[in-house]
Amino acid sequence: MNTLVETMDKTTGAISSADLAQDRPSAATVGDVTVADPRMTCRNVDVWYGAKQAIKGVSLDIGKNEVLSMIGPSGCGKSTFLRCLNRMNDTIDGCRVTGSIKLDEQDIYDKGLDPVPLRAQVGMVFQKPNPFPKSIYENVAYGPRIHGLTNNKAELDELVETSLQKAGLWNEVKDRLDQPGTGLSGGQQQRLCIARTIAVSPEVILMDEPCSALDPIATAIIEELIDELRANYSIAIVTHSMQQAARVSQRTAYFHLGDLIEVGETNQIFTNPQHRLTEDYITGRFG
Amino acid sequence: MYSWILMLVVLAAMAGAYQIGRQRAIASAGGPTRIKQLHSLPTYYGLYAALWAGLPALMLMGLWIGLQDQIVIGLVTSHLPTEMVAGLSEGRLGLLINDIRNLATGNIVSAEVTPEIQAAADQYNRLNLISQWAMWAVVLAAALAGLAYAWMRTQPRLRARNRVESAFTVILIIFSSIAILTTLGIVLSVLFESLLFFQKVSPLEFFFGANWSPQIALRADQVGASGSFGAIPLFTGTLMVSLISMLVAVPIGLLSAIYLSEYAHRKVRAIAKPTLEILAGIPTVVYGFFAALTVAPFIRDLGMSLGLDVASESALAAGLVMGIMIIPFVSSLSDDVINAVPQSLRDGSYALGATQSETIRRVVIPAALPGIVGGILLAVSRAIGETMIVVMAAGLAANLTANPLDSVTTVTVQIVTLLTGDQEFDSAKTLAAFALGLTLFLVTLTLNVIALSIVRKYREQYE
């Protein structure tokens, strides 16, 4: 913390990563990281890629029926942190996670826990829409099929329909469910990916910059959708757009070079940030 | 004689022309400080001059060397006494000309040296000498003329760069068309010989006949004088050996590709992949005697112990070994397409709670399937065209059979047998080899075109 402030004084607020020593102590987070009704609780999470520490002692809760947005400059670790929440980092060589991350009181990094069913509970939507090269129907039916969620074709049909409806895509694709999902527009593809995620009824949905590859109209549709989904799911969204964070989320977390700098009500973060770095980022001085 | 010296002289002239053109350009712009006045950099004016000095001269030289002998021989023949030439067949005339040429160059002559032949040889030598000197003169004149033309054209407004670039384009086109023209030449020569064959043997018999016994009588009263050219047994034999080899190569190749690209640790992969590809580096003749001396007897003994009647040159042995040879083909092509499936698709599947094997079965393989099929088709065309293994391990008897334990023969084996025998070059037996070659070529070409278009279509999907 002290190092940070000193560096800032020297450079009058303009911070570059070169100014910051790699092994400085982790900063204390400003604001309350806990919520009254948490779905996921993370305590003192560290992440290393080989010898490089990407996340430093982050503690953060994700509440029920809330949208938590994570913002911060590129390389600040927000995507890395997001990928810890459903153990997608397991697929990366040399990635090591310590600390505790709990989903409904169950430690997801417990040795005995199988990450495969966990990922059905904690779904993920990626930056670039990645529909499978299958039909629209098969894209949505994929998850239910591998988990055996339905007993017969009629139930599966119904699940596909409700998932597409919840993702706001049903009316656009109901006449061409047998056509390839890759043939849809970018925004439709992303909503297809959301429908695919919803179809396995997760508790938490992680979104990694879900709109960065989309145009403003498609973005607006997805943002509305996120707001509707909040009624049934907990959502954590990483975004580069501060406007988007302000529009869709109830709480906002600001990450900086692997540290969680500040957490708070979205309103308060954007109107009255407590930490100098948060203020600098929000006012556009760097990032 | 000494054409290569002339070649060096022309190259030296090009180097000189480069310097001259460059200096001329700089001078025409008004000195080294004012080269901004030039349209192109001085180097391009140098290249422009060098190309003008060298290209026409070299082309002329090539043409001259190509045509010289024919013209000289024509002249010599026309001066031979008519009673010597009259009534000679084409072949006899060729022999005579060969004798003249041998005498002229001091080689051994087959016939007795008559005064007429001696005179013709002297004339041959004289004409050649004249032609040599004329070539030197003409080529050097062309080089100088080219240089002079470039000299006159060199002025600041000359677009030397554009000229040089288009000259290089033309040169590149000429060289690349050599490869294409060679292919075309091969196809046409095979095609014409095949047409000759089909004049002797009807295509109907060739493509639909079930009896292959390609012999032509050397004497009219020979036993078994009439040959028959029904190629069906060859086609089925080729198909059977290829099929057996694909039954070996596709599962092993594909599964090892999946293991290497999806499961194997980086270190394992770094060792296992090159090791697998060593199989592709083994000469096919080595596979051949492995098949003939090790695998075939093993299969026969195994069959005998089971009470089966196995031929010592069974289709199974040849197919098995050919399959092993093709494994690296299938595995490395499949490995490439599996790796080309974007990681985002795998992530998407994992994020839905799919296991690794579910992801591979339901997402990766379906996405890579077109590419894998393309790779397999390429491997099939390789198997059909493979020669050495089947020559050594498959039989010669053209059996029409569906039993892999029997001996069969393949198209490639028959081509080798037909062309290594003592036969006249226009006999149906020899020409049959060309017809078989053409068929083989058309089949593999079709397979390759289909395979490549499938692979390309698949690539476009993700890039």
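Reminder, nothing fancy here: chain letters follow the sequence lines and each chain counts from 1. Worth saying up front: this structure is predicted, and the values here are computed from it rather than measured.
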Next item on the list: Using a heavy-atom cutoff of under 4.5 Å, enumerate the residues of residues 149-164 of chain A that contact chain B, numbered in order, or state 'none'.
Entry: none
Margin query: Taking 4.5 Å as the heavy-atom cut-off, does anything in residues 196-209 of chain A contact chain B, and if so which residues?
Written below: Arg196(A), Thr197(A), Val200(A)
Notebook entry, point to check: Do the side chain of His147(A) and the main chain of Leu352(B) share a donor and acceptor less than 3.5 angstrom apart?
Noted result: yes
Checklist line | Under 3.5 Å donor-acceptor, Asn130(A) side chain and Ser344(B) backbone | finding: yes
Next item on the list: Locate the shortest heavy-atom distance separating Leu345(B) from Pro131(A); write the atom from each residue and the value.
Entry: CD2-O, 3.3 Å
Checklist line | For the student: nearest non-hydrogen atoms of Gly353(B) and Val116(A), plus distance | finding: O-CG1, 3.0 Å
Notebook entry, point to check: What part of Arg266(B) is in contact with chain A, defined as an atom under 4.5 angstrom from a non-hydrogen atom: side chain, backbone, both or neither?
Noted result: side chain
Next item on the list: Output the distance between atom CZ (Arg119(A)) and atom OG1 (Thr355(B)), rounded to the nearest 0.5 Å.
Entry: 10.0 Å
Check: How many angstroms lie between CD in Glu358(B) and OH in Tyr142(A), if you round to the nearest 0.5 Å?
Finding: 6.5 Å
Item checked: Val122(A), part contacting chain B, at a heavy-atom distance under 4.5 Å -> backbone
Note to self: Quick check on Phe132(A) against chain B: is it the side chain, the backbone, both or neither that has a heavy atom closer than 4.5 Å?
What the structure shows: both
Item checked: Lys134(A) NZ: over 12 foreign heavy atoms closer than 6.0 Å ->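 Enclosed.
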